[in-house]
Number of protein chains: 2
Amino acid sequence: MNEVYGNTALEMVTALRIRRTETLASLVRKELERMIVSGELRAGDRLNESALADRLGVSRGPIREACRGLEQSRLVEVVVNRGTFVRQISLQDALDIYDVRSALFGVAGETLAARITPPQLATLSGLVEAMARAADDIDAYYPLNVDYHAKLVEFSGNARLVTTYRSLAQELHLFRRQGLVSEGSMAVSNREHRAILEALAQRDAARASTLMREHILAGKKRLLKLTESERAGAASPAPDSQRRRKRLVAGT
Amino acid sequence: MNEVYGNTALEMVTALRIRRTETLASLVRKELERMIVSGELRAGDRLNESALADRLGVSRGPIREACRGLEQSRLVEVVVNRGTFVRQISLQDALDIYDVRSALFGVAGETLAARITPPQLATLSGLVEAMARAADDIDAYYPLNVDYHAKLVEFSGNARLVTTYRSLAQELHLFRRQGLVSEGSMAVSNREHRAILEALAQRDAARASTLMREHILAGKKRLLKLTESERAGAASPAPDSQRRRKRLVAGT
DNA sequence: GACCTGAAAACTGTTGACAGTTTTTGCGCC
DNA sequence: GGCGCAAAAACTGTCAACAGTTTTCAGGTC
């Protein structure tokens, strides 16, 4: 009848086509993940089960199942009888995650140095060059940067490391300050990327591990410095829409 | 009427008393976790939703929600239209987990050395002494050992590290060979525990980190050696009940 | 006996409804 | 206008039933 019904019908068709490989709950989980990571849902927002069910054209069952999955991967928090909320990440949480992530990245380096293949080296090299070309165009740089890090972990061949790392990276997306990459740091960062690549090419496990660990810790330090200078002096970047609650998923 | 109903009634009372703090789904999740870690449910077993629902005195909804949570923490695997199965961990998986765990343990050491308090040192010291007294009584030694490791991570104060580490440790419980601690290794292991304790007492972050990382890697090496000698020579410890499937949860 | 085949049984995926709790709303009172 | 307070609305927790898929099994065939 109206646009809403049009949308859900379309999505249902898609869902049905995919079925037999994916369950509704897992499709919903992916969609919610996307909404959270993309910022469509913000930290603190409540996930209204009925509203989501209407919006996605399914019943509440799959929605609830999806939420339990998200709870376990720490993207949401469930409060009994009150609902599930997109998690709020404190600065301390973010710093803690950086520490864990840096250790994981270190393992990736150690493992990878011993087994990296020429095609993998070529892929990584391509990404570093692309980042160099991106210069200080942050919109071009950022996805390349994410991809480079992801590839380093994936190429390690340690499946459990990959999932753990991904989960932490995703959780970090909940942190409110997206602008953690300042322009000046991109050149510095890519210099580190290149050094990592060299260590890997030489199969120097110890060096690759150290460099990779420190690369993440450098990110942590940047974040720390940023928040400190922010707290000390200038007004925070976007102080306007601070406590804009009530932006639940309800209305279409 | 019969014993089964008696059980479920009792459990329901317990559940109702706890309510308002916990949801049925989370209670079920904990129960399933216990069953899996304790070995009551074995790797490969299918979790029959209806049977579990009857057994625990709840409907299938909470069971399904619990399973989605377990799926995310990698204790079970869900196959569409076929059910959820207790995960099977291969030797390679176990080795991969050891690598990740060792890195996490290293972070714990580094963080903890800088912030450990006298009472915490006392607690850890107590555990090391208790383990020494346990000598080669494995039933006394094992839980102390688990506790010692857990405390080292908890005392680090990094919440995310704690949950990640716990999840990995739990997953490792799925690995079929429980006898990964041979008698001779207990003395060696406790010597390492004591060395870690000393490094922490001296607030030597680098040393504590290295020792703790290597402590876990030593466990990995023991496992590796064990499986190699097993493969090479003697028959495996318990070759009888190998493919004993069909031990689903159904019958009471 | 081994092997298809098709009906029956068992089980998972999903839904809609009901019960109990939390939040909102409307109203009198200060 | 601000403040309790009770009724109503909104929402979560749980369940039982239905639909569709997978597995089992009996019967026929070679």
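So that the names make sense, note that chain A is the first sequence line, chain B the second, and so on, each numbered from 1.
Terminal axes of the helix from C:dG1-D:dC30 to C:dC30-D:dG1 (five pairs each, C1' rotation axis) are separated by 10°, to the nearest 10°.
Using a 4.0 Å cut-off, some side-chain N or O of A:Asn48 falls inside it from OP1 or OP2 of D:dC11.
When each of D:dT14, D:dT22, D:dG13 is scored by its nearest atom to the side-chain atoms of A:Glu49, the top-ranked nucleotide is D:dG13. Of the candidates C:dG16, D:dG13, C:dT12, C:dG16 carries the atom nearest the A:Ser59 side chain, counting heavy atoms from C-beta on.
Nearest heavy atom pair, residue B:Leu47 against residue B:Val76, reads CD2-CG1, 4.4 Å.
For B:Phe105, the ring pair (Phe, Tyr, Trp, His ring centres under 6.0 Å) criterion is met by B:His149, B:Tyr165, not counting sequence neighbours. Scanning for side-chain hydrogen bond (donor to acceptor under 3.5 Å, both in side chains) contacts around B:Thr111 gives an empty result, with sequence neighbours left out. Among residues two or more places apart in sequence or in another chain, the side-chain hydrogen bond (donor to acceptor under 3.5 Å, both in side chains) test is passed with A:Asn158 by none. Applying the side-chain hydrogen bond (donor to acceptor under 3.5 Å, both in side chains) test to B:Lys221 and every residue at least two apart in sequence or in another chain returns nothing.
If you check every strand for non-hydrogen atoms under 4.0 Å, A:Gly61 touches a base.
In terms of position on DNA chain C, the residue among A:Arg82 and B:Thr84 whose nearest nucleotide sits closer to the 5' end is B:Thr84. In terms of position on DNA chain C, the residue among A:Arg60 and B:Val79 whose nearest nucleotide sits closer to the 5' end is B:Val79.
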Show every donor-acceptor pair shorter than 3.5 Å between a side-chain atom in residues 56-65 of chain B and any protein atom, with sequence neighbours excluded, or say none if there are none.
| unit_1 | atom_1 | unit_2 | atom_2 | d |
| --- | --- | --- | --- | --- |
| B:Arg60 | NE | B:Glu49 | OE1 | 3.0 |
| B:Arg60 | NH2 | B:Glu49 | OE1 | 2.9 |
| B:Arg64 | NE | A:Glu65 | OE2 | 2.7 |
| B:Arg64 | NH1 | B:Glu49 | OE2 | 3.0 |
| B:Arg64 | NH2 | A:Glu65 | OE1 | 3.4 |
| B:Glu65 | OE1 | A:Arg64 | NH2 | 3.4 |
| B:Glu65 | OE1 | A:Arg68 | NE | 3.4 |
| B:Glu65 | OE2 | A:Arg64 | NE | 2.7 |

